[in-house]
Amino acid sequence: MLEERKGGFIGRWWKRLTSPSARWSVLSLVLLGLVIGAAGVIGTQVMVARTGTNEFCGTSCHSMQWVYSEYKESIHFANPTGVQAGCHDCHIPHEYPQLLWYKARAGVRDVIGEMRGVISTKEKFEKARTELAERVWAEFKADDSANCRTCHDFTPEAIAKQSEKAQTRHANRKKDGKTCIDCHTGVAHTDPE
Ligand code: HEC
Ligand code: HEC
Ligand code: HEC
C-alpha cells in the first residue's frame, strides 16, 4: 500500500520532469543550463587552484611537514633562474580529466592517512618513506616522467649546453629506454635509504 503510494509519487515527478514545460521557453531552459554548467566549471577551477598551492599541500596536514621542510632546501624550491617547481607541478597530472581523478583519489587517501596518523611522527615517516617513494617513482615511470618534461624539454639545442656527462646520458635516453626518474631521484626531497 505504502509502496504503491511511493511509486505514484515518484511516477508523478518523473512525468513532470520528462514532459515539456508549458511555462518556460526552450531558450530560457538552455540559458539556465548554461549558467549551471558555467558555475560548475568555475567552481571546479577555484577548487583546483586553492588545493594546488604549496601552502595547501605542504602545511594543511601535519603529516606533510617532513617532505615540505626537505623541499624548501631543494633546488626546485629556490634556484638561480627564479623558476619554482611546486608540489603540484611534479605530483599532479597536468591534463584533464586525469588531474581531477588523481586529486580526488590522492585527497581521500591523504585525509584517511592523516586521520589514522600513519606518518604522524618523523620516525613513522622514515619507516614508511621507501614505500611512499616507490609509489611515486612508479607513477613517473608509467608516464615517462611527463611532469618533469613539462619544464625540462631536452631539445638537441638544450642538450648541447649541458655538461659532458649529462649530454651523453640525455642524448641516449630514449634509445636506452630510460626516463628522468631512473637517474634523478631525490630532486625535491631526501632520497630514502
Ligand atoms: C616547474 C618546473 C620544473 C619541474 C616540474 C621540474 N623541474 Fe627540475 N628544475 C627546474 C629548474 C628551474 C631548475 C634549476 C635550473 C638551474 O638552476 O639552472 C631545475 C633543476 C633540475 C636539476 C638540476 C639539479 C642540480 O642540482 O643542478 C635536475 C636534475 C632536475 N631539475 C630534474 C627534474 C626532475 C627529475 C623532475 C621531475 C621529477 C623535475 N626536475 C621537475 C624546473 C623544474
Ligand atoms: C641515463 C641517466 C639519465 C637520464 C635518463 C636522465 N638524466 Fe639528467 N643527468 C644525468 C647525468 C649523469 C647528469 C649530470 C650530473 C652531473 O653532472 O653531476 C644529468 C644532468 C641533468 C641536469 C643538469 C644539466 C646540467 O648540465 O647541469 C638536468 C636538469 C637533468 N639532468 C634533468 C633530466 C630530466 C628532466 C630527464 C628526463 C627527461 C633526465 N635528466 C634524464 C643522467 C640522466
Ligand atoms: C621537482 C619535483 C617535485 C616537487 C616540486 C615535489 N615533489 Fe614530492 N616527490 C617527488 C619525487 C620524484 C618523489 C619520489 C621520491 C624521491 O625521488 O625523492 C617524491 C616523493 C614525495 C612523497 C613520498 C615520500 C618521499 O619522500 O618519498 C611525498 C609525501 C611528497 N613527495 C610530497 C610532496 C609535497 C607535499 C611537495 C610540495 C611541498 C612536493 N612533494 C614537491 C618530486 C617532487
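Start at 1 and go down the list; that is how both ligands and their atoms are numbered. In this chain, numbering begins with 1 at the start of the sequence shown.
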What atoms of ligand 2 come within less than 4.0 Å of a heavy atom belonging to Lys178? 5 (C)
At a non-hydrogen distance cut-off of under 4.0 Å, which region of Asp182 contacts ligand 2 (side chain, backbone, both, or neither)? neither
Looking only at protein heavy atoms, which one is nearest to atom 27 (O) of ligand 3, and how far off is it? Ala133 CB, 3.3 Å
Using non-hydrogen atoms of the residue, decide whether Val67 is closer than 4.0 angstrom to ligand 3. yes
Ranked by distance from atom 3 (C) of ligand 2, the top protein heavy atom is Cys183 SG, 2.6 Å
Under 4.0 Å, heavy-atom basis, I'd like to know which part of His152 is in contact with ligand 2: side chain, backbone, both or neither. side chain
Can you find an N or O of Gly186 that's nearer than 3.5 Å to an N or O of ligand 3? yes
Protein heavy-atom partner closest to atom 18 (O) of ligand 2 - residue, atom, separation in Å: Lys165 NZ, 4.0 Å
Should the proximity of His184 to ligand 2, defined as any heavy atom under 4.0 Å, be assigned to the side chain, the backbone, both, or neither? side chain
Strictly less than 4.0 Å: does any protein heavy-atom distance to atom 23 (C) of ligand 2 fall in that range? no
Ser145: heavy atom below 4.0 Å from ligand 1, yes or no? no
Which atoms from ligand 2 have a heavy atom of Thr179 less than 4.0 Å away? 5 (C)
Checking heavy-atom distances from atom 20 (C) of ligand 2 to each of Ser163, Ala158, Ala166, the winner is Ala166
Verdict with supporting geometry, Arg129 and His189, side-chain contact (heavy atoms from CB on, under 4.5 Å): CA-CA 11 Å; Arg129 103 171 289 166; His189 321 283; 3.8 Å; yes
Just going by heavy-atom distances, which of His170, Arg169, Glu164 is nearest to atom 7 (N) of ligand 2? His170
Just which atoms of ligand 1 are under 4.0 Å from any heavy atom in Asn147? 5 (C)
Mind checking whether Gln84 contacts ligand 1 via backbone (N, CA, C, O), side chain (CB onward), both or neither, at a 4.0 Å heavy-atom cut-off? backbone
From atom 34 (C) of ligand 2, is the closest protein heavy-atom distance below 4.0 Å? yes
2.8 Å cut-off met by an N, O or S atom of His189 to atom 8 (Fe) of ligand 3: yes
What protein heavy atom is closest to atom 42 (C) of ligand 3, reported as residue, atom name and distance in Å? His91 NE2, 3.7 Å
State, without any angle test, whether Thr155 and Asp153 hold a side-chain donor-acceptor pair at a distance under 3.5 Å. no
Glu70 and Lys122 have their tightest heavy-atom pair at OE2-NZ, 4.4 Å
When you compare ligand 3 with Asn54, is there at least one nitrogen or oxygen pair between them that comes in under 3.5 angstrom? no
Note the single closest protein heavy atom to atom 15 (C) of ligand 1, along with its residue, its atom name and the distance in Å. Thr81 CG2, 4.0 Å
Give me the nearest non-hydrogen protein atom to atom 38 (C) of ligand 1 as residue plus atom name, then the distance to 0.1 Å. Cys148 SG, 2.7 Å
Which part of Asp89 is near ligand 3, with near meaning a heavy atom under 4.0 Å away: side chain, backbone, both or neither? neither
Hey, is atom 8 (Fe) of ligand 3 within less than 2.8 Å of some N/O/S atom on Cys87? no
Please determine, by modelled atom types, if Tyr68 and Asn54 share a side-chain donor-acceptor pair under 3.5 angstrom. no
Within a distance under 4.0 Å of any heavy atom of Leu132, pick out the atoms of ligand 3 and give their elements. 23 (C), 24 (C)
Within the 4.0 Å heavy-atom cut-off, what Val83 brings close to ligand 1 is both
Look at atom 13 (C) of ligand 1 and say which protein heavy atom is nearest, naming residue and atom and giving the distance to 0.1 Å. Asn79 ND2, 3.9 Å
Nearest protein heavy atom to atom 4 (C) of ligand 1, by residue and atom, and its distance? Cys151 SG, 3.3 Å
